[in-house]
Amino acid sequence: MQQILEQLITRLKREKYQLVGKHSAVKKCSWLHQSLTKGKVCYKQKFYGIQSHRCLQMTPSVFYCTLRCLFCWRVQPEDLNINFKVDETAFPTPDDPRFIVEESILAQRRILSGYKAHVEIERKKYEEALNPNHAAISLTGEPTLYPLIGDLINEFHRKGMTTFLVTNGTNPKVLSQLNHEPTQLYISLHAPNKEIFAKTCRPQIPHAWENVKESLELLKSFRCPTVVRLTLVKDLNMTKIEDYAKLIQKTESTYVETKSYMYVGFSRKRLTYENMPTHDEIKVFAEKLSELTGYKIIDEARDSRVVLLSRLDKPIKVGKTS
C-alpha cells in the first residue's frame with residue numbers, strides 16, 4: 001500500500017498538487033490565475049460572490065474516492081496502471097482539522113509566491129490572495145470520507161472563511177450527521193438512472209446509486225443553500241432529461257447547475273473532444289429542465305459552459321468581500 005501511495009504522490013506533485021499531511025491537498029485553480037493576471041473570474045464569483053483570487057481549492061481526501069467518473073479531469077489510479085480501490089483501503093488516522101486548515105493556507109501562499117514579481121498584478125489584489133476567504137472543499141477525492149469533515153468546515157468558518165462542500169452523494173450517513181453545515185452544499189448528480197450512473201461513474205462501492213438518491217432526499221433538511229450539480233457529457237449522461245427532473249424535484253434544492261463536461265486533464269484518456277457539449281447545448285438542456293421542474297434560469301456563464309437554475313429570482317451572494 002505504501003508503494004502505491006508513493007506512486008500517486010509522485011504523480012500528484014508533478015501535477016503541482018501541494019500535499020498537506022497524510023491525506024489532504026491544495027491545488028491552484030486556473031481561475032485564480034486568470035483573476036490575478038487577466039481580471040477574469042469564474043462562475044462562482046458571478047453567481048455567488050466568491051472572489052476567484054481568494055478561493056482556496058482543497059481536499060481532505062486526496063487519495064480516496066468512491067467513484068471513478070469517466071469525465072473527471074483528475075488523475076485516477078488506473079490512469080497510472082495502479083490497482084487501488086477505496087474498498088480495499090482504510091482511511092488513515094485523520095489529521096486534525098485545525099492542522100489541515102492552517103497548512104492548506106500556507107500551501108496556497110507557497111503556490112502564490114511566484115506571482116509576487118509579476119509586474120502586471122495589482123499589489124493589493126495579490127496581498128488579498130495570500131489571505132483566502134473561501135474554501136472550495138472539492139478538489140479531488142470524496143471529501144465526506146474524511147471522518148472529521150464537519151469539524152473541518154467549522155475550522156474554516158472560525159478563520160472567517162466561507163465554504164462550499166462538494167460531494168458525490170455516495171456517503172449519505174455523513175451528510176445526515178454533519179455537525180457543522182457548509183456555507184453552501186453541492187451534491188453532484190451525474191446520471192438520470194442506475195444504468196447510466198454505472199457506466200458514467202464506475203462506482204467502487206456497493207449501493208452507490210441508492211446512496212446518491214438518499215443524499216438527494218437529504219438536501220431539503222439543510223438550512224444552508226443547496227445545489228444539485230449536473231456535469232453533462234454528450235453521448236453518455238446527457239439524456240433522459242425527464243428522469244433528471246424527477247430526481248431534482250424531490251430535492252427542493254436552492255439551485256441546479258447544469259454544466260458541460262470539459263475536455264481537459266486526464267479525462268482526455270477516457271473521453272473525446274466530441275463528448276464536450278457547447279454552451280448553447282447546455283442552455284437548451286437547461287431550458288427543457290426548467291420546463292419540467294419549474295426552476296427558473298437566473299444566470300449563466302458562457303466561459304464555463306454553465307447555466308444556473310433556481311427557485312429564487314436571483315442567487316444569494318454568500319461570498320465575503322473583507
Side-chain angles (χ1 to χ4, degrees), residues 29 31 42-48 50 55 57 59 65-67 69-74 134 136-144 163-172 175 182-192 196-197 200-201 208-209 211-220 222 224-233 236-239 241 243-262 264 267 276-277 279 281-283 285-286 288-290 293 295-301 303-312 315-316 318:
C29 176
W31 286 109
C42 93
Y43 72 93
K44 291 194 295 264
Q45 180 162 335
K46 186 173 189 284
F47 293 173
Y48 311 117
I50 301 301
C55 180
Q57 183 182 226
T59 176
C65 192
T66 51
L67 304 177
C69 298
L70 289 174
F71 58 78
C72 184
W73 59 265
R74 291 86 164 176
H134 177 76
I137 308 173
S138 64
L139 173 60
T140 188
E142 171 47 43
T144 62
T163 55
F164 281 6
L165 174 63
V166 182
T167 172
N168 63 25
T170 59
N171 209 350
L175 292 181
T183 307
Q184 189 156 291
L185 173 64
Y186 281 77
I187 292 183
S188 298
L189 177 59
H190 297 319
I196 296 173
F197 177 80
T200 303
C201 299
W209 174 246
N211 290 351
V212 170
K213 291 198 294 181
E214 184 178 343
S215 292
L216 291 170
E217 294 274 4
L218 287 170
L219 281 182
K220 62 175 70 75
F222 280 81
C224 66
T226 57
V227 187
V228 177
R229 174 190 281 172
L230 280 59
T231 301
L232 298 167
V233 186
L236 185 61
N237 69 351
M238 197 172 178
T239 185
I241 192 168
D243 292 344
Y244 275 116
K246 290 174 183 176
L247 290 167
I248 289 167
Q249 284 179 310
K250 292 179 181 179
T251 69
E252 300 179 15
S253 62
T254 315
Y255 307 108
V256 177
E257 289 181 4
T258 56
K259 192 175 188 304
S260 170
Y261 154 68
M262 304 301 281
V264 296
S267 75
M276 182 171 61
H279 180 74
E281 288 171 326
I282 292 295
K283 184 73 174 287
F285 189 98
K288 291 178 181 177
L289 196 61
S290 175
T293 61
Y295 279 68
K296 297 169 285 189
I297 293 176
I298 61 170
D299 212 337
E300 60 185 297
D303 285 350
S304 297
R305 304 190 189 195
V306 59
V307 175
L308 181 65
L309 300 93
S310 181
R311 296 181 293 123
L312 306 175
I316 303 167
V318 296

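- Ring geometry for Tyr186 against Phe164 counts as tilted: the plane angle lies between 30° and 60°, on a 0 to 90° scale.
- Arg311 places a side-chain N or O within 3.5 Å of a backbone atom of Glu252 that can act as its donor or acceptor partner.
- Here the closest non-hydrogen pair linking Val228 and Ser253 is CG2-OG, 3.7 Å.
- Put simply, the side chain of Thr59 never gets that close to the backbone of Ser138: no donor and acceptor are under 3.5 Å apart.
- Side-chain atoms of Thr183 come within 3.5 Å of backbone N or O of Thr163 as a donor-acceptor pair.
- In this structure, His190 and Phe71 have perpendicular ring planes: the angle between them is above 60°, well past the 30° mark.
- Without hydrogens or angle criteria, Thr251 side chain to Ile248 main chain gives a donor-acceptor distance under 3.5 Å.
- A side-chain donor-acceptor contact under 3.5 Å links Thr258 to the backbone of Val307.
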For a side-chain hydrogen bond (donor to acceptor under 3.5 Å, both in side chains) check, start with the C-alpha distance between Glu142 and Thr167, then their side-chain angles and the critical distance, and finish with the verdict. CA-CA 6 Å; Glu142 171 47 43; Thr167 172; 2.8 Å; yes
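- Side-chain contact annotation: Thr170 with Thr66, donor-acceptor N/O pair under 3.5 Å present.
- Under the ring pair (Phe, Tyr, Trp, His ring centres under 6.0 Å) rule, Tyr255 has a single partner from Tyr43, Tyr48, Phe47, which is Tyr48.
- Between the side chain of Ser215 and the main chain of Gly169, a donor-acceptor pair closer than 3.5 Å is present.
- Side chain of Thr140 to backbone of Arg74: no donor-acceptor contact under 3.5 angstrom is found.
- Residues satisfying the ring pair (Phe, Tyr, Trp, His ring centres under 6.0 Å) criterion with Trp31, sequence neighbours excluded, are absent altogether.
- Without hydrogens or angle criteria, Asn171 side chain to Thr144 main chain gives a donor-acceptor distance under 3.5 Å.
- Counting non-hydrogen atoms of other residues, nucleotides and ligands closer than 6.0 Å to NZ of Lys246 gives a total of 12 or fewer.
- Annotation for Asn237 and Tyr244: closest pair O-OH, 2.7 Å, computed over non-hydrogen atoms.
- Annotation: side-chain hydrogen bond (donor to acceptor under 3.5 Å, both in side chains) contacts of Asp299 (sequence neighbours excluded): Lys46.
- Other residues, nucleotides and ligands contribute more than 12 heavy atoms inside 6.0 Å of the NZ atom of Lys220.
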